[in-house]
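What follows is a single structure, written as structure tokens, with notes after it.
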Amino acid sequence: MPRTRVTALLALSATMALTLTSCSSSPSSDAEESPTTGGTLKIVGQSDIDHLDPTGAALVTSSNLMRAVTRQLISYESSLDDAERTTAQPDLATEIPEPTNDGLTYTFTLRDDIQWDAPDGAREITSEDVARGIERICNPILPAAASSYFSIIDGFDEFCAGYDTDGPTAESVKDYIESNSISGIEVPDDKTIVFNLTEPASDFIYMLSLNAATPVPIEVLDYEPDSVEYRDNFISSGPYTVDSYTADKELILKRNTAWVADSDPLRAANVDSIEITFGVSVDSAIQQLQSGDADMTYDVTIPTASLQQLEASDPDGIVSINPGGSDFLWINSLSANNGGALGNLQVRQAIEYAVDKAALVQQSGGETQASVATGIFGDGIIGYEKSDMYATDGDAGDPDQAAELLTQAGVSDLTLTLAYSNANAAPDWAATLQESLKAAGITVELKPVESSDYYATFMTNHENAINSEWDIAIVGWNPDWVGGAARSVFQPQFTFTGTSQTYNYLDYNNDEANEYAAQALATDSTDEAATLWHQASEAVMADAVVVPLISRKAVLYHSKAVGNFLPFALGSQGDWTNVTITR
């Protein structure tokens with residue numbers, strides 16, 4: 001599934017806090033009062049890292065590595081508490097600034113003793129390094145996946161348009177960055193950086209927590225982004241740096257001697273080193289955690305069958321969090337099938353009522369791994385609220401209500417083509433949806449699509465919606481960041497400004513929802529923003545173009561040797577920089 005143009009993403013003030021729902025944990029995983037230090041944290045995963053260069057690192061798993069070897073102006077506390085975990089905190093910055101100039105200007109001051117482990121010796125991280133990081137976001141060799149969000153910085157788009165995209169090289173990128181600047185970024189001295197926006201955007205603070213917004217030392221401009229040479233000459237700003245790296249085999253991190261503990265309020269750096277082994281199967285990874293041969297996983301999703309066994313044998317090792325991801329059933333209101341019946345609101349509402357969401361939760365591993373979704377925002381995002389416009393008893397669907405709506409619409413013998421990826425849980429969900437709709441008198445014909453093609457060429461091909469190649473379709477979505485992430489859910493999927501967006505399959509647009517979103521982005525009140533984003537969700541749901549299915553949880557498991565297991569929200573995993581190891 002796409003992660004908002006990756007893995008993708010919220011109008012909140014710096015003080016915004018989010019009240020979320022459950023985060024299960026165990027006494028053994030509670031924060032330790034006096035964490036132990038030393039030892040090696042052993043991590044196992046299936047696949048190699050996507051990028052060591054933070055500009056390109058966009059996967060959720062990458063954020064755990066970036067947490068250890070980079071720092072940003074803004075980040076998050078690792079915590080078992082849902083609100084603490086998703087509230088923006090100052091990292092390289094001394095504090096989170098209140099915007100000035102009618103919400104258009106943010107002025108940051110950098111901490112003392114923040115340093116690069118530069119090749120000529122430790123040196124200070126400056127505001128020029130922060131500006132260089134933003135300028136490098138749209139470099140033509142490795143542009144950041146979240147590049148478009150930064151268009152709200154005045155002059156960002158104009159700066160990006162000036163890059164040489166005709167055979168760019170490391171030299172041409174360096175020359176351009178060092179000879180030009182973004183008009184909306186001011187660097188009055190080494191400790192101060194000022195961002196001027198084109199419009200109020202209180203979620204701008206959260207964007208600065210993304211890996212792509214990491215400051216960049218001038219030395220790395222000598223290498224192509226994330227090239228072998230870049231990786232061999234990696235410069236860290238975090239508590240750890242690269243000791244050795246063998247592609248597809250292992251990455252070993254050691255302590256960064258340039259890192260000053262007193263300058264970092266978010267990372268304790270308890271362990272001496274971190275070893276990541278790649279190429280490990282899911283079953284082997286789980287077995288190694290149970291035996292104590294490994295401590296945590298890198299990119300392993302615990303299979304439902306394994307989770308049930310782990311819950312029975314080692315329930316204290318399980319932690320689940322709500323990262324905000326959701327799955328939907330899109331309804332193609334443009335389809336000409338059935339005489340264009342899906343263009344009728346009552347027909348779409350009938351589908352809303354017909355779906356047995358409780359069954360989908362059970363198929364997804366039960367309440368430990370998923371909960372029923374009722375709006376466009378998943379559990380874990382500001383704007384989420386468990387209020388259901390199409391509620392049914394036990395979330396099990398109401399086929400009688402659905403059938404009544406179809407009768408009122410004058411529609412009978414409705415036959416729908418259901419498109420879905422042929423991987424993971426989607427085939428099972430498709431069968432459940434087929435049975436749910438059958439109970440309401442709706443026939444569903446299944447249309448499985450090869451998983452590698454599903455988003456890449458099928459769902460994102462707007463012609464397939466227009467030409468009625470599908471009537472309903474199962475899709476998923478993850479926000480690009482945490483907490484105030486509503487923008488990264490709403491804008492890519494539910495807005496249309498005249499240019500088709502990749503994941504807005506119908507060019508869907510709703511003026512009322514857009515207005516609520518604009519107000520949410522402009523307010524500096526957490527409560528008001530949450531209310532406005534929820535109203536935006538309700539406006540979309542009133543059109544019944546999507547059936548929210550489930551809100552996914554991240555289920556985490558670690559070995560008994562791990563202490564102080566505190567989830568880091570951007571990585572949906574225990575924070576490598578705060579765990580302890582005892583063995």
Side-chain angles (χ1 to χ4, degrees), residues 1-2 4-5 8-12 203 324-335 342-355 357 371-392 395 405 459 462 465 470-480 484-523 528-552:
M1 104 195 54
T4 46
R5 275 166 285 191
L9 311 208
L10 322 198
L12 311 169
D203 58 352
S326 292
D327 292 284
F328 302 104
L329 182 70
W330 269 82
I331 302 174
N332 184 5
S333 58
L334 305 178
S335 174
L342 293 181
N344 185 316
L345 176 61
Q346 283 184 307
V347 175
R348 300 197 299 274
Q349 290 174 329
I351 297 171
E352 298 273 0
Y353 281 109
V355 173
K357 299 181 183 180
S371 59
V372 167
T374 57
I376 66 172
F377 302 123
D379 193 355
I381 299 175
I382 290 177
Y384 166 83
E385 187 175 319
K386 191 171 176 56
S387 64
D388 194 348
M389 193 176 293
Y390 308 101
T392 62
D395 300 308
L405 283 165
M459 287 305 299
H462 192 59
W470 59 276
D471 296 311
I472 50 179
I474 301 172
V475 300
W477 194 260
N478 285 330
D480 277 335
R487 178 205 292 261
S488 72
V489 176
F490 177 75
Q491 286 188 347
Q493 296 185 106
F494 301 107
T495 62
F496 177 67
T497 59
T499 300
S500 295
Q501 302 218 54
T502 304
Y503 299 108
N504 183 348
Y505 309 107
L506 309 177
D507 287 345
Y508 172 78
N509 196 55
N510 182 310
D511 291 339
E512 182 184 8
N514 293 342
E515 179 57 30
Y516 285 132
Q519 293 177 29
L521 288 167
T523 183
E528 185 178 5
T531 298
L532 288 163
W533 278 120
H534 177 64
Q535 288 174 314
S537 173
E538 293 287 90
V540 173
M541 289 306 302
D543 284 338
V545 293
V546 293
V547 182
L549 300 176
I550 67 165
S551 183
R552 282 175 272 108

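Excluded from the calculations below are hydrogen atoms, water molecules and symmetry mates; all remaining heavy atoms, backbone and side chain alike, are included. These numbers come from a predicted model, not from an experiment.
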Looking only at heavy atoms, which two atoms of [X] and [Y] are closest? And how far apart?
| X | Y | value |
| --- | --- | --- |
| N510 | A539 | ND2-O, 3.2 Å |
| A536 | A517 | CB-N, 4.4 Å |
| S551 | A373 | N-CB, 3.9 Å |
| G324 | I381 | O-CD1, 3.5 Å |
| L506 | A465 | CD2-CB, 4.0 Å |

Side chain to side chain donor-acceptor pair (under 3.5 Å) with D471: which residues, sequence neighbours excluded? S335, N337

Holding to side chain to side chain donor-acceptor pair (under 3.5 Å), I want the full list of residues that pass it with D388, two or more places apart in sequence or in another chain. none

Start with the C-alpha gap between T374 and M541, add the side-chain angles, then the distance that decides, and say whether side-chain contact (heavy atoms from CB on, under 4.5 Å) holds. CA-CA 9 Å; T374 57; M541 289 306 302; over 6 Å; no

Spacing of [atom1] belonging to [X] relative to [atom2] belonging to [Y], to within rounding of 0.5 Å:
| X | Y | atom1 | atom2 | result |
| --- | --- | --- | --- | --- |
| T502 | M459 | OG1 | CE | 12.5 Å |
| I331 | W470 | CD1 | CH2 | 9.5 Å |
| T495 | N504 | OG1 | CG | 6.5 Å |
| I550 | D327 | CD1 | CG | 5.0 Å |
| H534 | E385 | NE2 | CD | 4.0 Å |
| R552 | W477 | CZ | CH2 | 11.5 Å |

Below 4.5 Å, heavy atoms only, C-beta onward: do L342 and I351 meet side chain to side chain? yes

Would you call D379 and K386 a side-chain contact if the rule is heavy atoms closer than 4.5 Å? no

When you measure from the side chain of [X] to the backbone N and O of [Y], does any donor-acceptor pair fall under 3.5 Å?
| X | Y | value |
| --- | --- | --- |
| H462 | Y505 | yes |
| D395 | K357 | no |
| S537 | G375 | no |
| N344 | Q346 | yes |

Does the plane of the ring in W330 sit parallel, tilted or perpendicular to the ring in F494? Use 30° and 60° as the thresholds. parallel

Kindly write out the residues that satisfy side-chain contact (heavy atoms from CB on, under 4.5 Å) with A544, not counting sequence neighbours, or none if the list is empty. L345, R348, Q349, E352, Y390

Who passes ring-ring contact (aromatic ring centres under 6.0 Å, His included) against [X], sequence neighbours left out?
| X | answer |
| --- | --- |
| Y508 | none |
| F328 | none |
| F490 | W533 |

Could you give me the CA-CA distance, side-chain angles and deciding distance for Q491 and L521, then say whether side-chain contact (heavy atoms from CB on, under 4.5 Å) is met? CA-CA 12 Å; Q491 286 188 347; L521 288 167; 4.2 Å; yes

What do the steps show when you test L532 against Q535 for side-chain contact (heavy atoms from CB on, under 4.5 Å), and what is the final call? CA-CA 5 Å; L532 288 163; Q535 288 174 314; 3.4 Å; yes

